[in-house]
Amino acid sequence: MKKIAVLISTYNGEDYIKDQINSILTQNIDKKKYDLNLFIRDDGSNDCTVTIIKKLKETYPNISFIPFTENLGFAKSFMTLLTKVEADYYFFSDQDDIWEQNKINDFLSIISIKEVKTPICGVFSDAWIADENANSTGVSLLEQRKKQIHNGYLSFMQQIFDTYVAGASLCINKKAREKVLSYDFDVFFNHEAHDYFIALVISCYGKLYFLDKPTLRYRQTGNNVYGARDMTHKTIIQRFNSLYNRVKNVQRVMYTGGIVTSKVHGEKTLSDTLIAISTGKASFYERFIFFKQYQTLVSPRHPAILYWLYTVMMFKGIVY
C-alpha cells in the first residue's frame with residue numbers, strides 16, 4: 001500500500017481550517033491502494049485553530065498534529081514537516097482552501113506513471129481563484145501563464161522568471177523529497193518560499209509536470225501569504241511598483257537557483273551567473289547578455305522592453 005502524506009502548516013486559521021481538512025480527508029481515493037494521512041504543524045496560533053484541529057482528530061484518526069514549539073514562518077514550518085514525515089507521495093496544502101474531490105486521484109494518475117522513467121518528479125496543477133466563501137470566480141490562477149508551459153512540464157529557467165507553482169497545488173514523490181532535503185534550507189534567502197525552492201530542485205534534477213486542470217479553490221481571504229495577481233485598475237505608479245517587486249522577487253529566486261545548480265555537475269557556469277547577478281556582482285554587460293538570452297522568459301508579451309529594464313534594475317544585489 002502506498003502512503004500519501006498531506007502537509008499543512010497552520011497559523012490563526014480558525015475560520016477555514018475545518019472546511020479544508022474535511023475536503024482533504026474525504027477525497028475519492030482507492031483506500032485499498034493508498035493510505036492517506038494528514039500532518040499538521042501549528043506555527044503559534046493564538047486563536048482557536050489548535051482546538052479545532054484537536055476536535056477533528058477525534059473524527060479522523062489519520063490526522064497527526066505537531067504542536068507549536070517556536071515560530072518558524074510558513075516556509076520553514078513546511079520544510080520541518082517534510083523532514084519528519086515518511087511517505088511515497090507528499091502533497092502540500094494551505095489552511096484556507098478547498099480541494100476538489102478528485103484532486104489526489106488526478107495527481108496520482110500522472111505522478112505514478114511519470115516516476116517510472118523520471119525517478120525525481122513532481123506534479124503541480126492550476127487552481128480556481130475563489131472568493132472568501134470558497135466560491136469559484138470562474139478564473140484560474142494560471143489563466144494566462146499556463147500558455148507558456150510546453151510539453152507538459154515546467155523548465156528550471158522558466159521558474160527563475162515567473163511564478164507558476166503554488167505549494168497548495170504541488171505534489172512530489174519520495175525521491176524528490178530526498179533530493180530536496182539534501183540541501184540545507186537555512187542557507188537560502190530567508191524570505192524564500194518553500195514551494196519555489198522545491199520546484200527548482202525538482203526541475204533541476206528531474207521533471208515537474210503540469211496538470212492543466214484546477215484541482216482546488218484558492219480562497220482569497222485578504223490574509224493570504226501569496227494571493228492571486230490582480231493588475232486591473234492599477235495606476236501607472238502601482239504598475240511600476242509591481243514591476244519593481246517582481247524584479248526583486250526574480251533576483252531572490254535567481255540566488256536560490258544559483259545555489260541549487262551549484263551542486264549539479266556541469267552547471268557551474270549557470271550557477272556562477274545566477275549568483276553574480278542576484279548579488280549585484282555582475283557587470284552591466286553580463287546582465288544584458290543574460291537577460292537578452294532569456295528575454296522571452298523575462299516577458300513573453302514585451303521581451304524587447306523588459307529585458308532592458310531587468311538589466312538596469314538589477315544593478316544592486318538583494319539584501320540578506
TODO: Using distance alone, with no hydrogens and no angle criterion, decide if Tyr196 and Thr163 have a side-chain donor and acceptor under 3.5 Å apart.
DONE: yes

Open item on the list: On a heavy-atom basis, which atom in Cys204 and which in Val264 lie closest, and how many Å separate them?
Closed with: SG-CG2, 3.3 Å

Open item on the list: Can you confirm whether Asn102 sits close enough to Ile29 that some side-chain heavy atom of one is under 4.5 Å from a side-chain heavy atom of the other?
Closed with: no

Task: Residues Arg217 and Ser136: side-chain donor-acceptor under 3.5 angstrom - done: no

Task: OH-CG distance between Tyr244 and Asn249, expressed to the nearest 0.5 angstrom - done: 12.0 Å

Task: Ser155 side chain to Gln158 backbone, donor-acceptor under 3.5 Å - done: yes

TODO: Verify the distance criterion only: is there a donor paired with an acceptor across the side chains of Asp126 and Ser140 at less than 3.5 Å?
DONE: yes

Task: side-chain hydrogen bond (donor to acceptor under 3.5 Å, both in side chains) between Thr311 and Arg287, intermediate numbers included - done: CA-CA 5 Å; Thr311 300; Arg287 298 197 305 273; 5.9 Å; no

Open item on the list: Testing the 3.5 Å rule here: is there a donor-acceptor pair between the side chains of Thr215 and Asp106?
Closed with: no

TODO: Check step by step if side-chain hydrogen bond (donor to acceptor under 3.5 Å, both in side chains) holds for Tyr11 and Asn71.
DONE: CA-CA 10 Å; Tyr11 182 78; Asn71 184 266; 5.4 Å; no

Open item on the list: Between the side chains of Glu86 and Arg177, is the shortest nitrogen-to-carboxylate-oxygen separation below 4.0 Å, so that they form an ion pair?
Closed with: yes

Task: Face-on cation placement of Lys57 at Phe65 ring, 6.0 Å and 45° thresholds - done: no

Open item on the list: Donor-acceptor pair, distance only, cut-off 3.5 Å: does the side chain of Asn151 make one with the backbone of Tyr153?
Closed with: no

TODO: Taking the six-membered ring for Trp and the single ring otherwise, decide whether the centroids of Phe288 and Trp308 are under 6.0 Å apart.
DONE: yes

Task: Path from Val187 to Leu181 over hydrophobic side-chain contacts below 4.5 Å - done: yes

Open item on the list: Is the ring pair Phe91/Trp99 parallel, tilted or perpendicular, if the boundaries are 30 and 60 degrees?
Closed with: tilted

Task: Cluster check Ile113, Phe107: I/L/V/M/F/W/Y, side chain < 4.5 angstrom - done: no

TODO: Verify whether one side chain among Glu286 and Thr273 offers a donor that lies under 3.5 Å from an acceptor in the other.
DONE: no

TODO: Would you confirm whether Glu14, through its side chain, and Cys48, through its main-chain N or O, come within 3.5 Å as a donor-acceptor pair?
DONE: yes

TODO: Determine, step by step, whether Asp94 and Asp97 satisfy the side-chain contact (heavy atoms from CB on, under 4.5 Å) criterion, reporting the C-alpha distance in whole Å, the side-chain angles of both residues, the deciding distance to 0.1 Å, and the verdict.
DONE: CA-CA 6 Å; Asp94 287 351; Asp97 300 328; 3.2 Å; yes

Task: From CD1 (Ile111) to OH (Tyr209), nearest 0.5 Å - done: 9.5 Å

Open item on the list: Less than 6.0 angstrom from the centroid, inside 45 degrees of the normal: does Lys2 satisfy that with respect to the ring of Tyr34?
Closed with: no

- [ ] For Lys146, look at atom NZ and say whether over 12 heavy atoms of other residues, nucleotides or ligands are found less than 6.0 Å away.
- [x] yes

- [ ] Measure from the side-chain N and O atoms of Ser271 to the backbone N and O of Glu267, and report whether any donor-acceptor pair falls under 3.5 Å.
- [x] no

Task: Side chain proximity check, Cys121 to Leu208, heavy atoms < 4.5 angstrom - done: no

Task: Qualifying residue, where the test is side-chain contact (heavy atoms from CB on, under 4.5 Å) with Phe210 and the options are Leu142, Ile110, Val123 - done: Leu142

- [ ] Using atom types as modelled and distance alone, determine if a side-chain donor or acceptor of Tyr90 lies under 3.5 Å from a backbone N or O of Ala87.
- [x] yes

TODO: Measure centre to centre between the rings of Phe124 and Tyr164, then say whether the value is under 6.0 Å.
DONE: no

TODO: Could you tell me whether the side chain of Asn173 and the main chain of Pro119 form a donor-acceptor pair under 3.5 Å?
DONE: yes

- [ ] Could you verify whether a donor N or O on one side chain and an acceptor N or O on the other, from Asn46 and Asn12, lie under 3.5 Å apart?
- [x] yes

- [ ] Take Ile172 and Ile202 through the side-chain contact (heavy atoms from CB on, under 4.5 Å) test and state the conclusion after the steps.
- [x] CA-CA 8 Å; Ile172 66 174; Ile202 294 172; 3.2 Å; yes

TODO: Could you tell me whether a side-chain N or O of Asp42 sits under 3.5 Å from a main-chain N or O of Ser45, the two making a donor and an acceptor?
DONE: yes

Open item on the list: Please determine whether side-chain hydrogen bond (donor to acceptor under 3.5 Å, both in side chains) holds for the pair Gln159 and Ser203, giving the CA-CA distance in whole Å, both sets of side-chain angles, and the decisive distance to 0.1 Å.
Closed with: CA-CA 9 Å; Gln159 296 176 74; Ser203 289; 2.6 Å; yes

Task: Tyr89 versus Glu115, side-chain donor and acceptor atoms under 3.5 Å - done: yes

Task: Asp88 (side chain) donor-acceptor with Lys3 (main chain) under 3.5 angstrom - done: yes

TODO: Measure centre to centre between the rings of His194 and Phe185, then say whether the value is under 6.0 Å.
DONE: no

Task: Other residues, nucleotides, ligands: >12 heavy atoms within 6.0 Å of Lys174 NZ - done: no

Task: Modelled atom types, side-chain donor and acceptor of Asn105 and Asn28, under 3.5 Å - done: no

- [ ] Can you measure from CG (Leu72) to CD (Glu70) and round to the nearest 0.5 angstrom?
- [x] 4.5 Å

Open item on the list: Counting only heavy atoms from other residues, nucleotides and ligands, does the tally under 6.0 Å from CZ of Phe284 exceed 12?
Closed with: yes

Task: Exercise: identify the closest heavy-atom pair between Ser93 and Phe78 - done: O-CZ, 3.3 Å

- [ ] Using distance alone, with no hydrogens and no angle criterion, decide if Thr269 and Asp272 have a side-chain donor and acceptor under 3.5 Å apart.
- [x] no

Task: Over all atoms of both residues, closest heavy-atom pair of Met254 and Ser278 - done: CB-CB, 4.1 Å

- [ ] Please determine, by modelled atom types, if Ser169 and Tyr218 share a side-chain donor-acceptor pair under 3.5 angstrom.
- [x] no

Open item on the list: Could you check whether atom NZ of Lys263 has more than 12 heavy atoms from other residues, nucleotides or ligands sitting under 6.0 Å from it?
Closed with: yes

- [ ] Give a yes or no on whether the backbone of Gly280 and the side-chain of Gln251 come within a donor-acceptor separation of less than 3.5 Å.
- [x] no

Task: Arg219 side chain vs Ala130 backbone, donor-acceptor pair below 3.5 Å - done: no

